[in-house]
Enquirer: 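This is the structure, below, for whatever I ask next.
Protein chains get the first letters and strands the later ones, always in sequence-line order, with residue 1 at the start of each.
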Amino acid sequence: MQAVILAGGEGHRLRPLTRSRPKVLLPVANRPIIDYVIDSLVVNGIRDIIVVAGYRKEQLVRHLNEPGYNVDVVIQKKQLGAADALKCAGGLIKDDFLVLPGDNYIGPSAISAIKDRRNAMLISDHPQPFNFGVVDLKGGLVSAISEKPGDVSGMPVSTGVFSLSKEIFGRMGDLEIPDIISGLIKDGETIEAIHTKDWLDAVYPWDLLKMNKNVLKGISPENAGVISRNAIISGPVRIGEGTIIGSNSVINGPVVIGEDCTIGPNTCIMPGTSIGSRVRIDPFAYIEDSLIMDDSVVGSHSRVTDSVVGGGAVLADHTSTKKSEYCFESDGYFGRSEFGAIIGDGVSSTPFTVYSAAVVGNFVSIEEGRLIKGNLPDYAVVR
Amino acid sequence: MCGIIGYAGRREAGPVVVGGLKKLEYRGYDSFGFAISGSKIAVYKKNGRISDFNESEFSANGSLGIGHTRWATHGVPDDKNAHPHMDCSGKIAIVHNGIIENYAELRKELISEGHIFTSDTDSEIIAHLLEKYYDGDLLSAVTKTTEFLDGAYAILALCEDEKRIVAARQSSPLVLGIGDGEIFASSDITPMLEYTQKVIFLEDGDIVSFDKSSLLIMNAGKEVSRESELIDWDIDAARKGGFDHFMLKEIYEEPDVFYNAFYFEPEEEFVSKIRDADEITVVGCGTSYHAGLIFRYLMEEYAGMPVRVEIASEASYFKPRPGSFIIAVSQSGETADTLAVLRQAKSAGCTTMAVTNVCGSSITRVADYSLFMRAGPEISVAATKSFIAQVAVFMRLVDELSDKTLSESFTGIHRVIEECLMVDVDAAVSMCKGAKNLFFIGRGAYYPVSLEGALKLKEITYIHAEGYPAGELKHGPFSLLDEDTPVVAVCPEHDSRALMISNIREIKSRGSPVIALGGAGDIDLEEIADVFIPLPKAPESGDIITSSVILQLLAYRTAVAMGRDVDKPRNLAKSVTVV
Amino acid sequence: MECVVLAAGEGKRMRPLTTSRPKVMLPVANRPMLEHLVKSVKEAGIKDFIFVVGYREQEIRGYFGDGEEMGVRIRYAVQRRQRGTADALDAARDYITGDFLMLNGDMIVQSGDISGICSMSTPCIGVFESDHPEEFGVVTVEGDKVIALIEKSSTPPGNLINAGAYLFGLDIFEKTDSLELSERGELELTDALQPYINKGLLSAYRLQTWCDIGEPWNLLDANEQFLSETEPENHGVVEDYVVLKGHVVIGEGSVIKSGTYVEGPCIIGKNCIVGPHAYIRPSTSIGDNCHIGHSSEIKNSLIMYGTKIPHFNYVGDSVVGPGCNFGAGSKIANLRHDRRNVKSGGRDTHRKKFGAVLGDNVQLGINCSVNVGTIIGSGVMAAPGSFLEGKIADKTKIGR
């Protein structure tokens, strides 16, 4: 069986984090989301994998070129949606195949539930079903998928994972995938709905924190690098090669720390935290439930919780994040969430900056310590 | 320049040789050919690239085979000049990598003796010499023949009556691979990695006879033994994956390449030797020479030590002084000119160091010390990541000799290089692709950056481009400036910025369009330049890297826009192993 | 008759012991497990071996050479990528002339069983009655005919397992030629046997004794088994006031110093210094050039060559790689206080008592404490007084 992973989209609702990478490459527990999808397929014996790349394709292709991945890559020239991406892979499809979104966490049990079925889709539950296509069911079969529904609370959502046969390329035209499915149903085909719990999607940047927390539960502990004898490491903790853990630091798993990081003395790294590679955490910093990407710096005496910090961001000493409520509007819907800060790539902020439910664009420069709330666009300068 | 391969073993030789040549294609791609010895010797040769070879066109059975992929030096690239070359009887076939310097006189002599030549190559004389001296023993014929040859060669020879291959090496690379019931000989290790990890690097003067299970190495008439080495290279490292070209793939590897090459611990011993040297000289060719020039500026600025940098092919006209520290830079470690200078320096009593990407390569075996760039295999003919790695190694040396002035500010350098990959150069590309001539200018360390930028552009787009010190333009080249000659100015936030801006104004007044690379937010520069490319914010001296990466991308995108063969530009070969 | 031995794998579950040697070169009673296997086969009268090698092949070639020293003939075939058992067999194809035996290199069998399987008609598969059939591929048998091969599962339909020993004729290659990649992405020998099973042609031979060595703690079981059969030998020097109880083997050049108490069965290699006042307990193998010093106690452990456990140390139920150095007072725990099975690297060892696995050249400072089940990678260095547990990657430094 073959599998097509759709990885061409930017994931614009995750901005500012998707400026330098497509959504599939956002790191969760220090691995790009797409890796979990590939792993789940391989565990299920599906090795003929085609990845459709588009937005920031070079970054994705470079990642897939690392040893250990054996996938074919096709390029989607323009981002014209999922069906168009699938069409790009059409020439390589021999028979029945799975199509999967590369930017969702899809676990092995989800794949195993659908892999031997033909004409089937994976459905799941989500607290905000309006972000997805919702599925009408009749006796375990799909009767309709609707993209822009009205009140949909409690309805199952489409995960975007389908098991299809080659014939569907004949009926694609310019249709989107749900329309193609509707067409199939109209023509008397049955589409089986298979429910899974082993699926997660991050629609908004703050959703990454939940996904990160979930995935961290499954890590296998291993210590490497240079670890102080006086560091206190408990719970499942993964520390990469070349990383230095200073004395009296406390690391309570589940935590992953990448390669070549410097974790200063007397730091606290608490559960639910992923720290990328080449990151510097200065003495007396406290990090919890956060995702800190490659090449960032967190200054001493900082407290970073419930936050995402993009690549190469430099937060000076005494930075604080305060978890508070954030209201947003997206595609006509109003939503609420709670988090500390979402900080883009290359942000730099001065000592004593406080972030409270802030979404800070890429390369924002905060030149004097103050309270940052709400949204700051890319390249903004706060004086 | 050329790539050769020989195989003796239990498999069919044909597919092994063809597969091997494909891996050697980067060494030359004007023509290819091979000879398979079964009951008779069957030969196939053709103008063009081995990657275009259609397997159904030729099949021959046999357990012995030799092959060649050519980069033309003597005689135009065509079918008849392709290797293998045969003697008059058609019983002896040879492939050759290198240059025979005295071929003209040998050829005249052989013709007078009645030999008939079918090609214009220097290599063909070897086949006829073998015929002349063959009396039933190919090994002694090769030994005798090499006595008459001046120059550089790696030769593989087959004779219809003998079930073995005889090889000879002098100044051109030749490696043996030892498998189970099979032995390989090749210009480098890539073709045999699939079959064995056990290799023997031959030395100059070695003459080897081998069949599938026995091996005899002779040097100066005596049997010698050579230690075998185990190679630990990843077979898959050289896949293009989903990239359109190797060049782009290699540029995208640069964040890791710089990081890995920069962060190493130099040995105390040679660092103190450099510190105490009477004089430091860097030699290299092409891109490696430019990396050496950057080293010179950085050493002057940070370590206060003067450095001499010489183009390898010119350095032989200077006499190395004992007490000098000679640094030879070569990606492949096989560059003939660089090797020659290194040998000369060593025999003059200098301390020598190699900076290279290939462990076990010739320069590492000549030099007293070796620094590895750890950039992984570079397949594209235009050097990109190896340049970045060379600069990284040099920066680390400067750092070590100047009390860590550089590395302290290099936190986040990985991310900064990553940012360069996303810089939009489209406006600059459309300006460059229509031009016939271009100038690249810079001051200080950005002068060699400009030289390298110009080299990249000219070698893959075939547009004439010249790197120039910005202040030097007015001493001549100004007369060449006009509205059809764009000037690329490398003008980051650096001591030279003010002078650069006045240079750019002078150029503008001659009507030339200017593409300027400068610090993001440099409003003055943005205003005077026709196309402004902002450099990502980088630590001190990091702009050397960022501007180099962006100029590589500019060259790449321009070449693609012009439809050039980016990875294999005309007339060029990856490593030049002839002088 | 030729005997093909599959010895190309690294044995990932054996990491870090396999850092610089393939699994089959790991020692049991101071000899590579592969040597024990060759001996058994040789005793059954087969002297023509083909080793399929790959990972760290040089270690195998260097040790066995052409086999002359052992009185056998050994040829080598290389499998460059790990693509399954059928692919490994295919690598040896050129050397095979008729009916042949094929054995996994990582098991211990007796020569009687080898003779037994060779007396059967081809094709034949060796099976063994196991207490843990859920950890192996299982074979169902009617009479002596195999009716099914079932992949490893948590609910095996029987307790006869596939022992990785086969007798084949040349016709097996017709079957392997038409194989396709399995779900694991490998060419599986078991898939090639299916046509034989369908025709009722595959017979089963029940092995009397068999031991598979997949995990580091399996080495301790095999070691115990081999040591129980050794006869005492002393080629070294035993000083006065040394107590040697039971069967103890002492290699050439080794010195057992005063006050040392050795309980056999155990084996001490060449050029070792043991004592004074060391305590060596049963089922311990100590490799060549080791030093076990004053007030150090070693119990049921496998200590590889050149390792130094010189003062006030305790090592119990552990596998210690070559070249390690224990600082004074460093100890390895081997029992959980809740008396549960020890887990190591996330896997159940099925043992109440298990200490640690140390890779090559581990350096422990003085007074280090190593918790039960710890896996310490090669080249790890720990500062004095460090506490080590869990899984520690190669070259990690536990610093001050």
Enquirer: Side-chain contact test, heavy atoms from C-beta onward, threshold under 4.5 Å: evaluate it for A/Ile46 versus A/Ile111 and give yes or no.
Expert: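 Touching, per the 4.5 Å side-chain cut-off.
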Enquirer: Tell me, out of C/Gly390, C/Pro384, C/Gly365, who's got the most heavy-atom pairs with chain A below 4.5 Å.
Expert: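 Between C/Gly390, C/Pro384, C/Gly365, the count favours C/Pro384.
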Enquirer: Of all residues at least two apart in sequence or in a different chain, which pass the ring-ring contact (aromatic ring centres under 6.0 Å, His included) check with A/Phe284?
Expert: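 For A/Phe284, the residues satisfying ring-ring contact (aromatic ring centres under 6.0 Å, His included) (neighbours in sequence not counted) are A/His301.
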Enquirer: Do the non-hydrogen side-chain atoms of A/Met121 and A/Thr159 ever get within less than 4.5 Å of each other?
Expert: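 When only atoms from C-beta onward are counted, A/Thr159 and A/Met121 do not touch, as no gap falls below 4.5 Å.
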Enquirer: Quick one: what part of A/Ser220 sits under 4.5 Å from any heavy atom of chain C, side chain, backbone, both or neither?
Expert: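 The answer is neither part of A/Ser220.
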Enquirer: Run the salt bridge (Lys or Arg N to Asp or Glu O under 4.0 Å) test against C/Arg347 and tell me which residues pass, sequence neighbours left out.
Expert: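 Residues passing salt bridge (Lys or Arg N to Asp or Glu O under 4.0 Å) with C/Arg347: C/Glu215.
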Enquirer: Could you check which of C/Ala383, C/Gly345, C/Cys368, C/Gly399 has the highest count of heavy-atom pairs closer than 4.5 Å to chain A?
Expert: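 Of the options given, most contacts go to C/Gly399.
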